[in-house]
Structure formats: C-alpha cells, structure tokens
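Taking it in order: structure first as structure tokens, then the write-up.
Note on naming: letters A, B, ... go to the chains in the order of the sequence lines (proteins, then strands), and numbering restarts at 1 for each one.
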Amino acid sequence: MNKNSSNTMALAPNTSNKRETVCIFGTGDFGRALGHKMIQSGYPVVYGSRSTQISNLIPKDAEVLGHAEAAQKAAIIIIAIQRQHYNFLTPLAEVLRGKVLVDISNNLKLNQYPESNAEHLAQLLPGSKVVKAFNTVSAWALQSGTLDASRQVFVCGDDVAAKEMVMNIVRALGLTPVDKGSLLAAQEIENYPLQLFPMWKFPIFLSLGLTAFFFLYCVVLDIIYTYIYEKNDFSFFIAITIPNRVCPVMALILLALVYLPGIFAAIIQLYRGTKYRRFPDWLDKWMQCRKQLGLIALAFASLHAVFTLVTPLRAFASWRTGKGIISQALNNKTEPLDHTNAWLSDSYLALGILGFFLFVLLGITSLPSVSNNVNWREFRFVQSKLGYLALIMCTAHTLVYGGKWFLSPSAYKWYLPNIYILSLIVPCAVLVVKFVLIFPCIDKRLTQIRQGWERNPKYSKQSNHVINKSAV
Amino acid sequence: MNKNSSNTMALAPNTSNKRETVCIFGTGDFGRALGHKMIQSGYPVVYGSRSTQISNLIPKDAEVLGHAEAAQKAAIIIIAIQRQHYNFLTPLAEVLRGKVLVDISNNLKLNQYPESNAEHLAQLLPGSKVVKAFNTVSAWALQSGTLDASRQVFVCGDDVAAKEMVMNIVRALGLTPVDKGSLLAAQEIENYPLQLFPMWKFPIFLSLGLTAFFFLYCVVLDIIYTYIYEKNDFSFFIAITIPNRVCPVMALILLALVYLPGIFAAIIQLYRGTKYRRFPDWLDKWMQCRKQLGLIALAFASLHAVFTLVTPLRAFASWRTGKGIISQALNNKTEPLDHTNAWLSDSYLALGILGFFLFVLLGITSLPSVSNNVNWREFRFVQSKLGYLALIMCTAHTLVYGGKWFLSPSAYKWYLPNIYILSLIVPCAVLVVKFVLIFPCIDKRLTQIRQGWERNPKYSKQSNHVINKSAV
Amino acid sequence: MNKNSSNTMALAPNTSNKRETVCIFGTGDFGRALGHKMIQSGYPVVYGSRSTQISNLIPKDAEVLGHAEAAQKAAIIIIAIQRQHYNFLTPLAEVLRGKVLVDISNNLKLNQYPESNAEHLAQLLPGSKVVKAFNTVSAWALQSGTLDASRQVFVCGDDVAAKEMVMNIVRALGLTPVDKGSLLAAQEIENYPLQLFPMWKFPIFLSLGLTAFFFLYCVVLDIIYTYIYEKNDFSFFIAITIPNRVCPVMALILLALVYLPGIFAAIIQLYRGTKYRRFPDWLDKWMQCRKQLGLIALAFASLHAVFTLVTPLRAFASWRTGKGIISQALNNKTEPLDHTNAWLSDSYLALGILGFFLFVLLGITSLPSVSNNVNWREFRFVQSKLGYLALIMCTAHTLVYGGKWFLSPSAYKWYLPNIYILSLIVPCAVLVVKFVLIFPCIDKRLTQIRQGWERNPKYSKQSNHVINKSAV
C-alpha cells in the first residue's frame with residue numbers, strides 16, 4: 001500500500017483531495033448520527049428519502065434527494081431503514097446494481113428471522129454487494145463522541161473489495177473494524193448487540209444455585225438447629241455470619257472448578273493416547289468459561305475478605321468479646337496466651353491473605369488490556385502456576401481454620417457434615433489428581449502427547465513434520 | 001487492498017524492496033528521535049539542516065543535507081522546527097510544492113495563536129499538502145520504546161492521500177493512527193497534549209467544594225459544639241472520625257448525581273413529547289461527565305470503607321471499648337445480647353458491603369479495556385440496572401445506620417440537621433422519581449418517545465421508515 | 001487506499017469476489033488451526049503435505065496436494081514445519097521463487113540458533129520473500145477463539161509489499177499486526193514467546209533479596225532476642241507480625257527507588273550542563289523498570305494494609321486487649337483517654353490511608369488501557385506529582401508511627417537500629433534532594449537544560465531551530 005502510493009504518486013502525490021461520496025437511505029436516528037459523523041470525517045453525504053423536505057435535524061452539509069438520485073451519486077449506500085421496509089428497495093434494483101449496500105439494521109430479538117437481515121437484503125438485490133456493519137454502534141454514542149463500549153465495528157460480506165471499502169470508512173470514523181468473514185456471519189453480528197453476557201450465563205446460574213443451597217444448609221444448621229435445641233435466636237446471622245460462611249465455600253469450590261476441566265482433559269488425553277480427538281462438548285464448554293468461573297470465585301473471595309474484616313465492628317462481636325473479658329475479670333484471673341491457638345489463628349489468616357493476594361493478581365492479569373500485553377508463556381505461568389498456588393493456599397487456609405471441627409462430633413448436627421467439609425471435597429480432589437499428574441513418568445507422557453506423539457496412530461494420518469506448538 | 005496487491009503482483013509479488021525516503025527538517029530532540037525510530041522501521045531518512053556537519057547525536061544511518069537538497073529526495077517532509085521559524089520555509093516553496101509536509105509542532109499554551117500551527121504552515125506554503133501528526137507522542141518515549149501513554153497518534157489534513165501516507169508511517173512505527181478529519185482539527189490536536197484532565201475539572205471542583213462544606217459542617221457540630229457545651233476536646237476527630245463522616249456522604253450524593261441527569265432527561269422528553277430536540281447545554285455537559293462523577297464517588301466510598309475498617313485499630317476506639325467493658329465488670333454484671341442492635345448493626349454492614357461491591361463492579365466495567373469488550377446492551381445493563389441497585393443499597397445502608405438519629409432531638413445541635421439527613425435528600429429524590437418513571441403507563445410512553453414517536457410532530461419532518469435504534 | 005479503490009472501481013466496484021488463495025506447508029497443529037481460521041475468514045486454503053491422504057483433522061474445505069502443486073496455487077505460503085526440516089524445501093526453490101514465505105516457527109530455548117529461523121529460511125531460499133509472523137499466537141487460542149493473550153501479531157520482513165500482504169491476512173483474521181521492521185527483528189520476535197516477564201526480573205530479584213534480609217533481621221531482633229533475654233516464645237510472629245513489619249518497609253523503600261533515578265538524572269544533567277549525552281547504562285535500565293518497581297511496591301503496600309486490618313481478628317491481639325482491660329478492671333480504675341496518643345494513632349492511620357489511596361490511583365493509571373487514554377502531560381502529572389505526594393504521605397506515616405522509637409534506647413537491641421529507621425533512609429534522602437532541586441534557581445536551570453540549553457555546547461553541534469519538546 002505504502003509502496004503503491006508512492007509509486008503512483010512519484011515524489012509529489014497529486015491524487016484528488018476528497019473522500020468518495022456516501023449515500024444514506026433513511027433519515028432516522030442512526031442515519032442522521034452516522035451522516036453527521038461522516039461529514040465530520042470529510043465524507044460528502046447525500047441522503048435518500050421519500051420526502052426531500054430538509055428537516056432541521058439532518059446535518060447541515062448533507063444533501064437530501066429522492067432515493068434513486070441519491071443512489072446514483074455514490075458507490076456506497078448505507079441502508080438505515082428497518083427490515084420490514086426492505087421491499088421498497090426492489091424497484092431500485094437497477095440503480096443499486098454493483099453498488100455496495102451497507103446493512104446496519106438490528107432486530108429486537110435473538111434469531112428473530114430465519115435468515116439475517118443482511119442475507120435477506122442480498123437475496124432481494126442479488127446485483128448489489130451487501131456488507132453488514134455498524135449495527136453494534138449506538139446512535140447516541142456516535143453523536144456524543146463517548147464511544148465507551150463500542151469502538152469495535154464487526155464487518156462481514158461476500159465481496160472482499162466492498163468490505164475493504166466499508167472498513168476504510170470505519171477506520172476514518174475513528175472506530176476499529178473487525179472482519180468477521182463472509183455474509184454467513186451476519187446472523188451472529190446481528191445477534192451480538194442483543195446478547196447479555198452469554199459466556200457468563202452458565203457460571204452465574206451455577207453460582208446462584210450453589211449459593212442458595214449452601215445458604216439454606218447454613219440456615220438449617222446454624223439458626224434452626226440452634227433455635228430448636230439451644231433455644232437461642234440467632235436469626236441476625238442471616239445478615240453477615242452466614243454470608244461469610246457461604247462466600248468462602250463458594251470461592252473455594254469455584255476456584256477448584258476452574259482447574260478441574262484441565263485435569264479431566266489430561267486424563268482423557270492420557271487414556272486415549274492422543275490429542276488429535278476432540279474433547280466431549282461439555283468439557284469444551286466448561287474450558288471456555290473458566291475465566292468467568294474464576295472471576296466469580298474472586299468476587300466471592302473479596303466479599304469473604306470484607307465480611308471478615310468488618311467482624312470487629314459488629315455489635316454481636318463486641319458483645320461476645322466483652323462477655324469473655326468480663327467473665328475472666330470477675331473470676332479475678334488472666335488467662336495466659338495460648339500459643340497453639342496463636343499459631344493456628346495467625347497461620348490461617350496469613351494463608352488466607354496470601355491466597356487472596358494471588359487470586360487478585362490472577363484477576364488483574366485477566367483484564368483484557370493486561371492479558372493483551374503478555375505472551376502465552378507468561379499468561380500460562382500466571383494462570384496455571386500462580387493459580388494452583390492460590391488454590392493450594394486457599395485450601396490450606398480452609399483446612400487450618402476448619403480443621404478442629406472435622407473430628408469433633410458437635411460439628412455433625414443432625415448427622416450433616418459441616419459446610420467446611422463439603423467445601424473441601426472438590427479442591428482436595430483436584431490437588432491430589434494434579435499431584436499425581438506431575439509425577440515425572442506421567443508428566444513426560446502427557447508432554448509427549450501434547451507435542452503430537454500418539455500411542456496408537458490409527459486415528460489420523462499425520463504428516464511427519466508437525467510443528468510442536470503445543471496448547472493448553 | 002488485498003485484492004489489489006495480488007492482482008497487480010499476480011502470484012509472485014515483485015515490487016521493490018524498500019520503503020520510501022522520509023525527510024526531516026530540524027535536528028532537535030524530536031527530529032532525532034523520530035528519525036531513529038523510522039530508520040529502525042526500515043525508512044531511509046535524510047535530515048535537512050542549516051549546518052550539514054554531522055552531529056554524533058543524529059542516527060548513524062541518516063544522511064544530513066541542506067534543506068533544499070534533502071527535500072528533493074523525499075515525498076514526505078517532517079517539519080521538526082518551531083512555529084516561529086516557519087518563515088524560513090517560504091523561500092523553499094518551489095521545492096516543497098506538491099510534497100507532504102508533516103507538522104509535528106506543539107505550543108506552550110492552549111490556543112496560543114489564533115490559528116493552529118499546521119494551518120499557519122498551510123497558509124505559508126499553499127502548494128504543499130500539510131498533515132498534522134505526531135505532536136502527541138513524546139520524544140523520550142519514542143527513544144526508550146516505553147510508549148505507555150501515547151500509542152495513539154492523531155492525524156488530520158485536507159488531502160486524503162497525503163494523510164493516508166502519513167498514517168501508514170504511523171502504523172509502521174508500531175503506533176495507532178487516529179484520523180481526526182480535515183486540517184480544521186489541527187487546533188484541537190495541538191491543544192490535546194496541553195490538556196490536563198478536561199473532563200475531570202468540573203466533577204473534581206464540585207467534589208472539593210462539597211467536601212470542604214461538609215468538613216466544616218462536621219467540625220462545627222462535632223468538635224466546636226462539643227467543646228463549648230460538653231468541655232470535651234475531640235480535636236483529633238479531624239484525622240479520622242470526620243473524614244469518615246464526610247466520605248460516605250460525598251459518595252452517596254455523587255452517586256445520586258450520576259443518575260439525576262438521566263431523570264431530568266426523561267422528564268424533559270416526557271414533557272416535550274419528543275426526543276428530537278436537544279437537551280439544554282448544562283444537561284448535555286452533566287451527562288457527559290457522569291462517568292467521572294461516578295469514579296470520584298467510588299473513590300470516596302473506598303476511603304469510607306478503609307476508614308471504617310481501621311476503626312478497631314484506633315487508640316480512641318480501644319479506650320472506648322475498654323471503658324464500656326470495665327464499667328460492666330465493676331458493676332459485676334454482664335449485659336445480655338441486644339438482638340435489635342445486633343440486627344441493625346449486621347444489616348447496615350451487610351447493605352454497605354453489597355452496595356460497595358456493586359459499586360466496585362461498576363468501576364471495573366468502566367475501565368476502557370473492559371467496556372470495549374461489552375456491547376451496548378451489556379454496558380447499559382451494568383451501568384443502569386446494577387448502578388441503581390448500588391444506589392438503593394447505599395441509600396438503605398445510610399438509612400439503617402443513621403435512622404435512629406432522625407427523630408432524636410440530640411441530633412439537631414444548634415438546630416442544624418445531622419449530616420446523614422443532608423446526604424439522603426438527593427438519593428431519595430432520585431429513587432422516588434425513578435420509581436414513578438418505571439410505572440408501566442409512564443415507562444411505555446417514554447419507550448415510545450425514545451423509539452421515535454412524537455406527540456406533536458410539528459418540530460421535524462421524519463421519513464416514515466425510521467430505524468428504531470434507541471439511545472440512552 | 002480509499003481513493004485508489006474508488007478510482008479504479010468508479011461508482012460500482014466490480015473487482016472479484018474472492019480473497020487470494022493461501023498455501024500452508026505442514027498439517028501439524030498450528031498449520032491446521034491457522035488453515036481453519038483462514039477458511040472462516042474467506043481465504044481458499046490449500047495444504048502442501050508429503051502424504052496427500054486427507055486426514056479428518058484437516059479443515060473440510062481445504063485442498064491437500066503435494067508441496068510443489070500446492071505452492072503453485074498461491075502467492076503466499078505459510079511454512080508450518082519445524083526448522084530442522086527446512087532443508088527439504090531447497091529442491092522446491094524454483095517453485096518458491098518470488099513467493100512470500102511466512103515463517104511461523106518457534107524455538108524451544110532463547111537464542112537457540114546463531115541466526116533466527118526466518119533468516120535461516122531466507123538464506124536457504126534467496127529467491128523467496130520471507131516474512132516472520134504468527135509465531136506469538138497459540139494454536140489452541142486460534143481454534144477456540146479465546147484470544148486473551150495474543151491479539152498482537154508481530155510481523156517483520158525485508159520486502160515491504162510481502163509484509164503488507166501478510167499484515168492484511170493478520171487483520172482479516174481479527175488480529176492486530178505490529179510491524180517490527182526488517183528480518184533482523186526475527187530473532188527478537190522468535191524470542192518473544194519464550195520470554196517470562198523480562199522487565200520484571202531485576203525488580204523481583206531485588207525485592208526478594210531485600211525481603212529475605214529484612215525478614216531475617218526481624219526474626220533475629222523480635223524472636224531470637226526476645227527468646228534469649230526475655231524467655232518469651234514469640235515464634236508465631238513469623239506468620240503475621242513480622243510480614244507486617246517487612247511489607248511496609250519494602251513498600252516504602254521500593255517506592256523511593258522509583259523516584260531515585262529521576263533525582264540522579266537531574267543531578268547528572270545539572271553537573272554536565274547538557275541533556276545531549278546518554279545516561280550511564282545502569283541508570284537507563286533503572287529508569288525503564290520504574291513501573292515494575294512501583295507495582296511491586298504497591299503489592300507490598302496492599303499486603304501491609306490487609307495484614308494490618310486483620311490485627312483485631314488475631315488470637316494474640318484479643319489476648320493482649322483482654323489482658324490490658326482486665327488489669328485495669330482488677331485495679332478498679334478506668335484510665336482516661338490519652339489525647340496525645342489518640343492524635344498520634346489517628347494521624348498515622350489517616351496518613352497511611354491517604355498515601356495508600358494515592359498509591360492505588362498510581363497503580364490504576366499504569367494499567368495499559370488507562371494510560372493509553374491519557375496524554376503525556378496527564379501521565380506525568382499523575383506519575384510525578386501524585387507519586388511524590390504518595391511518597392511524602394507514606395514517609396510521614398512511617399515517621400509518625402515509628403517516631404517514638406527513634407530515641408528510645410530499647411529500640412537498639414544488640415546495637416542494631418530498628419527496621420523503621422532503616423526503611424526511612426532512602427525515602428528521606430529522595431525527598432530532601434528533590435526539595436533542593438525544586439528551589440527556583442536550580443529548577444530554572446534544569447528546565448533550560450531540558451529544553452535544549454547547554455552550558456558548554458562543545459559536545460554537539462545543534463541546528464538553531466530545535467523544537468523544544470522536552471522529555472522525562
């Protein structure tokens with residue numbers, strides 16, 4: 001491109017001074033906002049409209065003509081009208097032949113029509129070159145210039161040159177075009193602005209379900225049991241005590257669930273003796289939402305940290321402290337420092353703090369701008385090495401804190417195990433299997449498999465010179 | 001482009017191997033740094049200088065010639081000299097005819113000259129194609145390669161091809177060009193590096209003013225009043241107690257001020273019965289600094305959280321705790337747990353923690369890299385739904401905490417209301433009006449208006465097929 | 001480009017509908033993943049393989065041919081085979097003449113071979129145009145679409161047009177090409193994915209060394225000394241008490257080390273009377289890892305904050321509190337509030353909170369996405385003005401907290417100074433010298449030097465019209 005320009009232009013470029021004219025069909029909100037922005041960026045804009053009366057809302061420097069006249073003035077026509085009105089374009093088919101039509105429409109529901117709006121348009125006007133673009137941008141953001149959530153513009157289309165023309169306009173408006181391939185991608189692009197955190201759905205529902213279960217479990221054991229057998233009303237535990245029991249349990253389990261699919265993947269690869277077969281679907285999906293699971297775990301861990309730190313501010317805590325001290329004072333004695341207790345209390349606090357610290361590091365590394373600036377080796381080092389270290393620390397934190405209750409029979413109210421015991425099952429299982437997997441003999445075999453070695457190479461015929469860029 | 005290249009090059013590209021030569025006028029800091037970086041990126045560089053003695057600071061591979069000879073060697077000339085020396089270029093007008101001149105100069109003050117440096121250059125040399133670029137990049141960052149704050153290079157110019165050539169150089173240097181349109185934008189681009197958080201100015205001054213007011217209010221009521229009427233010297237309250245009273249008040253008021261303009265906008269739209277008229281200027285400006293207001297509110301909320309958590313570490317707090325316990329011990333009695341108190345204390349703590357948690361979530365979502373990765377629906381969900389939830393939680397936190405003082409006459413020292421009461425006015429007003437606005441009958445009308453419906457469509461003539469991409 | 005397209009295409013673009021064919025040599029992991037992604041983006045893909053039996057792992061729409069036939073079909077050939085097999089390409093030299101060969105290989109070790117793989121390939125096939133690209137992308141990420149850590153693709157090559165063609169493919173795959181210049185950069189690009197936080201190495205080793213030293217220092221003075229002379233076993237101090245003594249010391253020293261090189265640079269510039277000479281190497285390196293030093297300091301400060309906040313939860317703390325209160329109760333007296341103590345305790349807490357708050361602000365500003373959105377003036381304002389303010393606050397926090405121990409002889413166990421005294425040396429030195437440097441007479445001279453003035457301009461011959469874009 002560089003070269004090209006300077007070749008054709010020799011040492012003094014003398015191509016013309018203007019950008020090509022863009023035509024916009026439709027003078028609605030988005031048509032006007034886009035036209036305004038384009039004029040700002042130096043494009044002559046002509047509107048195609050039924051009524052050519054100039055509304056005072058249309059940008060001043062734009063021309064307003066009938067549809068056919070407007071279309072003749074430009075190579076690119078932006079179709080800023082709703083899908084249900086596309087039919088009125090068919091009479092214009094001759095005028096639009098060979099032109100680039102930019103479909104910017106959105107639907108109100110996911111997969112509202114069998115085919116995407118852009119494909120529908122392409123079928124109506126087979127002589128035109130349809131490109132899907134701009135539907136992810138908000139009219140309001142275009143006008144006000146505060147493009148916080150939408151610098152990326154997804155573009156797709158079957159004609160490469162037409163797509164390139166549209167992508168150049170996108171760049172000229174200060175936005176980032178993302179080429180999503182052929183017009184088949186239009187459905188996905190039209191669904192995109194209607195999505196609400198699709199990757200987060202499963203992790204969030206899983207967490208909500210588990211949280212509800214553990215919350216009820218604690219209410220039964222800590223409030224109802226106490227009320228029935230000890231006649232004590234601890235209903236106010238619902239506000240802080242029980243949330244602060246559920247949050248660490250959820251954080252630990254979810255963090256373990258981040259590393260569990262990796263364990264499954266390793267076992268499946270070892271069993272099959274090859275990496276050249278797809279994982280089952282559920283495992284694939286699970287592996288793709290590990291980041292979300294980890295971030296929700298971090299949220300629970302943060303809540304646990306804050307709930308714990310406010311403990312001394314609670315009326316209940318100061319009442320309990322006071323009671324303990326007064327009973328000592330009334331007995332006229334000062335208990336000596338219990339060294340075992342001091343060790344235990346300081347250890348689990350220190351383990352928790354370090355585990356949480358590593359956890360927050362993991363969270364920061366998963367910020368898009370940070371992870372964009374590290375290479376794969378660094379990303380894997382942080383997410384795998386530091387992640388396992390965080391899991392070990394948090395499991396140890398729970399073990400040291402809850403350890404004293406494991407063997408005490410009072411921990412088994414109504415023969416139900418304490419919530420700490422439940423929370424340790426998954427993390428301990430993950431850590432034990434991972435410990436087995438890093439035994440040299442197993443680890444060596446796994447590394448071989450991941451570099452392309454196969455125990456039984458009947459599944460696929462591989463060329464000999466496989467580049468060993470292993471993954472996961 | 002793609003297509004183009006492979007067309008002209010058939011299946012074996014054979015264009016020449018070199019980038020075009022770039023000429024730099026001026027061997028100052030920035031000229032040298034830019035030359036160095038360009039040579040690294042494969043551009044032959046020739047310097048135009050009065051003295052052609054080669055300084056040891058000029059990059060080794062660069063040629064140094066007189067201005068006229070240097071200019072003849074290249075199509076692009078970077079003018080790395082100060083505006084006050086531009087006059088010496090006029091004798092070179094013939095040599096520079098048709099060349100691309102890149103103005104990289106900066107001023108020392110905002111709007112220092114009536115017209116921008118680039119426009120001044122274009123007037124001096126009407127035969128040349130002036131492009132403004134690179135002025136936002138720091139020489140030191142170019143040299144050291146640590147381009148933390150300046151990957152974006154704003155480019156503007158009247159000649160599209162010339163601008164494209166400069167943008168290609170920008171890309172080749174590993175930077176991101178941003179096309180800002182015609183040379184009219186040069187003034188804005190020249191002002192940019194001189195700006196100091198322009199969007200933050202109003203929110204920061206507003207916060208400082210309010211903080212000062214509330215601080216003095218607390219000093220008067222908590223220190224001076226106590227000193228006069230109770231003869232107690234609580235001057236040390238200035239360090240923690242009073243800041244921890246002002247911070248939550250500021251956080252709550254500023255958070256409410258984030259949602260207040262949206263309420264005003266809705267009322268104005270309902271009253272006017274159309275969205276096709278501009279909001280008053282003050283409302284526009286207010287809406288554009290909502291993000292800044294929210295982040296300052298988050299800062300105050302964070303300070304409040306930390307100030308609260310250090311409470312048990314304060315000498316004053318342990319003295320007060322000790323006094324309470326000792327008085328019980330000396331009276332030989334243990335007070336039973338006050339359940340109402342336990343409920344109240346745990347509730348406001350839990351509400352505060354959850355509100356703060358949602359608040360931090362909002363803050364994380366407003367990080368540029370995170371908000372770039374969500375679509376508008378998700379962005380609005382977080383900023384509007386979760387934001388209102390945070391406001392509700394924080395208001396409830398304040399109500400539960402301060403509730404007991406509302407009716408107590410001791411809270412009205414010198415007939416002045418307690419600071420908690422003042423802090424609740426704006427948030428409660430916002431929540432009440434918002435509650436009214438989401439009544440089905442009103443909400444439906446508002447949605448219609450935002451989709452383009454007009455009660456009295458005399459204001460603008462709309463084409464019938466308006467695309468209903470609503471905003472806000 | 002824009003212009004170009006619309007010129008050749010008039011108002012109805014009619015270039016062909018397809019992207020150019022891409023050939024991939026090698027059907028290993030990465031070859032398959034890349035082929036898959038390219039087909040998705042609309043490129044016809046043809047594989048060159050020894051065995052032309054179609055494996056079920058190769059993307060369905062791809063053709064598989066022998067190497068020579070495959071190469072003839074495309075202008076771009078991606079060499080997805082390992083370096084040790086490159087020799088088999090030499091017989092194909094005639095077929096590959098003039099083609100663009102994309103070397104995507106990686107090594108297993110840093111600088112494994114004397115020359116880079118890409119340069120090796122270029123030597124084997126001098127008639128082809130070798131471009132290095134894609135080696136920083138992970139096969140797994142390409143397949144799963146979760147490109148968290150690798151949107152950037154470094155590209156280098158001697159032929160500009162060939163490089164441009166490859167960069168267009170990179171863009172079409174939804175990745176960001178970064179032009180790193182000529183093929184000489186291939187070594188650096190091949191080393192990149194093998195690096196593990198190279199900029200962090202020195203700061204991390206420095207911190208680990210200092211932390212170990214201070215930890216042992218505290219163990220000796222707080223545990224061993226106490227055990228020997230007071231027969232008290234405080235070994236549990238290892239978990240929280242001593243870490244919470246080491247962390248603030250490390251945070252303060254590292255924060256001061258961030259500002260120390262700037263002080264040195266200013267002194268060197270003042271002494272030399274010019275800025276036109278390079279700083280010594282150690283100073284250059286030190287200045288380039290200031291961000292890393294600052295972030296590690298922030299990590300220590302955060303740990304200090306959390307360690308401090310958990311204090312009231314420790315068994316040791318509640319035992320100590322109880323002991324104090326009980327001894328008062330048994331003596332039948334209540335101590336009055338010590339106002340000096342209340343002032344001191346509240347002051348150092350407030351100073352610490354504000355210092356930490358500013359510190360966190362600095363940390364947030366150094367997130368890539370945030371620092372990309374501020375200009376240099378704003379970046380310097382935050383990092384320099386707010387940074388010094390944070391250093392002043394943290395130093396004052398330490399002085400107020402540790403002040404009482406400076407003069408007490410009991411602080412000098414075994415004639416060793418307390419750790420607080422050690423921690424204050426560097427920050428106080430930095431602040432004192434900085435205070436001297438901002439004296440008007442010195443500051444004016446320094447500003448002159450940084451704007452290009454020289455006391456003794458024999459070192460370099462400068463052109464008169466130096467643009468005064470000063471740095472640092």
Side-chain angles (χ1 to χ4, degrees), chain A residues 1-3 5-6 11-15 17 19 26-30 40-42 49-51 53 55 57 80-82 85 106 136 138-140 146 148-151 160-161 164 172 174 192-193 196-197 236 239-240 303 306 309-310 312-316 319 322-323 325-326 329 367-369, chain B residues 1-3 15-16 19-20 75 98-100 158-162 164-165 168 178-179 181-182 276 288 309 311-312 321 325 328-329 332 334 337 339 341-343 345-347 349-350 353 357 367 369-379 381 452 460-461 463-467 469 471-472:
Chain A
M1 165 68 234
N2 251 333
K3 208 48 238 160
S5 318
S6 72
L11 291 180
N14 60 356
T15 52
N17 207 356
R19 295 188 184 276
T27 53
D29 256 29
F30 197 65
Q40 275 188 329
S41 306
S49 172
R50 271 190 209 174
S51 116
Q53 272 188 281
S55 148
L57 288 155
I81 59 184
Q82 289 180 317
H85 301 291
N106 267 330
T136 54
S138 135
W140 186 77
T146 56
D148 275 336
S150 59
R151 295 220 147 270
V160 173
E164 198 64 37
Y192 177 77
L196 196 60
F197 299 109
F236 65 88
I240 292 194
L303 280 175
V306 182
L309 289 176
V310 299
L313 304 172
R314 295 173 60 195
F316 174 64
W319 169 78
K323 206 176 75 167
I325 294 174
I326 292 167
L367 280 175
S369 67
Chain B
M1 164 70 235
N2 253 332
K3 206 47 238 157
T15 51
S16 83
R19 294 189 185 276
E20 69 268 35
K99 305 271 183 184
V100 177
D158 288 333
D159 188 284
V160 172
E164 200 63 38
M165 286 169 77
N168 279 320
V178 179
D179 189 340
S182 75
Y276 294 116
Q288 276 173 26
L309 291 175
T311 304
T321 311
I325 295 174
Q328 285 180 50
N332 239 351
T334 324
L337 177 62
H339 277 263
N341 209 12
W343 256 113
S345 124
D346 280 14
S347 308
L349 287 172
I353 291 170
F357 175 75
L367 279 174
S369 67
V370 176
S371 59
N372 249 325
N373 280 298
V374 298
N375 65 34
W376 270 94
R377 193 167 166 227
E378 294 165 344
F379 189 71
F381 173 79
S460 63
K461 304 244 160 24
S463 148
N464 286 337
H465 26 75
V466 174
I467 198 157
K469 186 175 283 191
V472 179

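When side chains are defined from C-beta on, A/Thr136 does not count as touching B/Asn375, because their heavy atoms never get closer than 4.5 Å.
Heavy-atom pairs under 4.5 Å with chain A peak, among B/Ile353, B/Leu337, B/Leu309, B/Leu367, at B/Leu337.
The shortest heavy-atom contact between B/Thr311 and A/Leu313 is CB-CD2, 3.9 Å. Across all non-hydrogen atoms, the minimal contact from A/Leu196 to B/Arg377 is CB-NH1, 3.8 Å. A/Ala239 approaches B/Ala350 most closely through the heavy-atom pair O-CB, 3.4 Å. Scanning all heavy atoms of the two residues, the minimum distance from B/Ser345 to A/Ala315 falls at OG-N, 3.0 Å. What you find for B/Val374 and A/Tyr192 is that their closest heavy atoms are C-OH, 3.8 Å.
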